[in-house]
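Okay, structure first, notes after.
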Amino acid sequence: MEAGQVAQPNVGTTWKAAAREEAGFAELVHTHQSMVYSLCWHFFRNRALAEEIAQDVFLQLFRSLDSIESPQHLEAWLRRTASNRCIDHYRKRGRQGEVPLEGLVEPASPVPTGDPLMIGMVRKLVASLPDAQRMVVVLRYQEDLDATEIATTLGMPVQTVWSHLRRAIAMLQEKAGRKANAAPKEGN
Amino acid sequence: MDPLENDFREALSREPAPDWFAERVMARVREQKPQPKQSLGWLRWAAAVAMVVVVIGGVRFDQVRRERLAGEQAKQQLMLALQVTGSKLHMAQVRVQSIDRPRPE
């Protein structure tokens, strides 16, 4: 199954009725927990904070089930709510909840198959971006959304999304280049 | 595809949530469940009381309105009677004056 495509529980007209039941809602949490938790984790790089905010998102979902129209709407709603909660939390509390990036131990969860050093470096670089740019990059590459979908999710114009993406990638390339240049000097 | 994009995709792939995540969410959901029931109970009582107040108020308002209407009607009838009486008295006075007045020869 591709990223962004998840199995929908109880597809059809009865899915909402099922979601109101405890077992149905638990199934819904299981289906979407990775997406929601991961958005928060890539944004904060702090497991406790990511878990707290992701739980809050699902509690909000439980209270807002009546306003959800379909499984597709549900997924978009979760993405939007998680993104906005992360950005709001970051803006209200600043960086105090984040773990310092230097010396950060990578989590014990299964790491993608690529170069672990490169993966760690990219994650650290992404975590150093300004909040809106960081969320745009996470939605782009974790959720595989295009600019229009990101714009809808974050409630910003498509041009702003493109601008954030361009700036973020330029900044990441520059920082990655600086790190690559610094590495041989550190080795000497 | 751009190798940089590939790196991003790989580094930002979905992280699995902790094993206990769903259970903790459901525990918080269970904590919240009784609250809507309680508030619904209060809401039901409040709605019932409000309905009784509205019905009693409506009946009382209608009573007052009817009484006022009856009063207005009685007042109008009295005014009419007074007018009739006044005009009859005036006619009688005119007649009496005409009797008293000496007739020209």
Side-chain angles (χ1 to χ4, degrees), chain A residues 3-4 6 22-23 25-43 47-48 50-52 54-59 61-63 107 109-116 118-126 134 137-144 168-169 172-173 176, chain B residues 1-70:
Chain A
V6 288
E22 194 171 319
F25 191 75
E27 187 186 347
L28 208 142
V29 174
H30 272 292
T31 305
H32 296 285
Q33 63 181 11
S34 168
M35 181 262 281
V36 174
Y37 172 79
S38 193
L39 273 178
C40 302
W41 188 78
H42 282 309
F43 188 83
R47 295 201 163 268
E51 189 183 334
E52 183 194 323
Q55 282 183 15
D56 289 344
V57 170
F58 281 106
L59 279 187
L61 170 67
F62 183 73
R63 289 192 293 262
S109 57
V111 173
T113 51
D115 176 5
M118 179 280 298
I119 287 169
M121 188 184 77
V122 171
R123 284 176 173 176
K124 284 177 187 176
L125 291 176
V126 169
R134 195 188 323 168
V137 168
V138 172
L139 287 170
R140 175 78 187 97
Y141 295 106
Q142 180 194 298
E143 291 302 301
D144 209 17
I169 289 171
L172 291 173
Q173 277 175 326
Chain B
M1 193 186 285
D2 186 349
L4 188 70
E5 294 236 320
N6 266 339
D7 291 346
F8 286 164
R9 253 179 249 285
E10 195 153 14
L12 298 175
S13 57
R14 283 187 183 178
E15 280 287 306
D19 294 340
W20 58 82
F21 181 84
E23 191 41 54
R24 285 193 185 168
V25 171
M26 293 314 295
R28 288 180 68 184
V29 164
R30 271 178 231 119
E31 279 172 21
Q32 287 209 337
K33 263 187 175 174
Q35 288 172 358
K37 278 183 187 168
Q38 273 182 353
S39 65
L40 265 182
W42 277 107
L43 269 179
R44 278 193 202 117
W45 276 109
V49 169
M51 199 176 284
V52 168
V53 167
V54 164
V55 168
I56 290 173
V59 168
R60 181 77 193 121
F61 177 78
D62 192 51
Q63 251 178 353
V64 170
R65 192 179 61 89
R66 277 167 198 262
E67 280 170 8
R68 190 177 297 162
L69 268 178

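Reminder, nothing fancy here: chain letters follow the sequence lines and each chain counts from 1.
Within the 4.5 Å cutoff, the side chain of B:Val29 has no heavy atoms near those of the A:Phe58 side chain. Between B:Phe8 and A:Ile169, some side-chain heavy-atom pair lies under the 4.5 Å cut-off. Side-chain contact between B:Glu15 and A:Gln142 is absent, with no heavy-atom pair separated by less than 4.5 Å.
For chain B, the nearby part of A:Leu172 is the side chain; its heavy atoms alone come within less than 4.5 Å. When heavy atoms are compared at a cutoff of 4.5 Å, A:Val137 approaches chain B by way of both its backbone and its side chain. At a 4.5 Å heavy-atom cutoff, the contact between A:Ala54 and chain B is made by backbone and side-chain atoms alike. For A:Glu22, the parts lying near chain B are the backbone and the side chain together; criterion is any non-hydrogen pair under 4.5 Å.
Taking each heavy atom of A:Tyr37 and B:Pro16 in turn, the nearest pair found is CE2-O, 3.6 Å.
Using a distance-only test at 3.5 Å, with no hydrogens or angles considered, no donor-acceptor pair links the side chain of A:His42 to the main chain of B:Arg14.
Between the CG atom of B:Leu12 and the CZ atom of A:Arg140 there is a distance of 11.5 Å, given to the nearest 0.5 Å.
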Apply the test side chain to side chain donor-acceptor pair (under 3.5 Å) to residues A:Gln55 and B:Arg28: give CA-CA distance (whole Å), side-chain angles for both, the deciding distance (0.1 Å), then the verdict. CA-CA 8 Å; A:Gln55 282 183 15; B:Arg28 288 180 68 184; 3.0 Å; yes

Going through the checks in order, is the side chain to side chain contact (heavy atoms under 4.5 Å, CB included) test met by B:Arg9 and A:Asp144? CA-CA 8 Å; B:Arg9 253 179 249 285; A:Asp144 209 17; 2.7 Å; yes

Could you walk me through whether A:Tyr141 and B:Glu5 pass the side chain to side chain donor-acceptor pair (under 3.5 Å) test, one step at a time? CA-CA 8 Å; A:Tyr141 295 106; B:Glu5 294 236 320; 2.7 Å; yes

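Residues B:Arg24 and A:Glu52 are not paired through a salt bridge, judged by the lack of any N-O separation under 4.0 Å between the basic side chain and the carboxylate. Between B:Glu10 and A:Arg123 there is no salt bridge, since no side-chain N of the basic residue sits under 4.0 Å from a carboxylate O of the acidic one.
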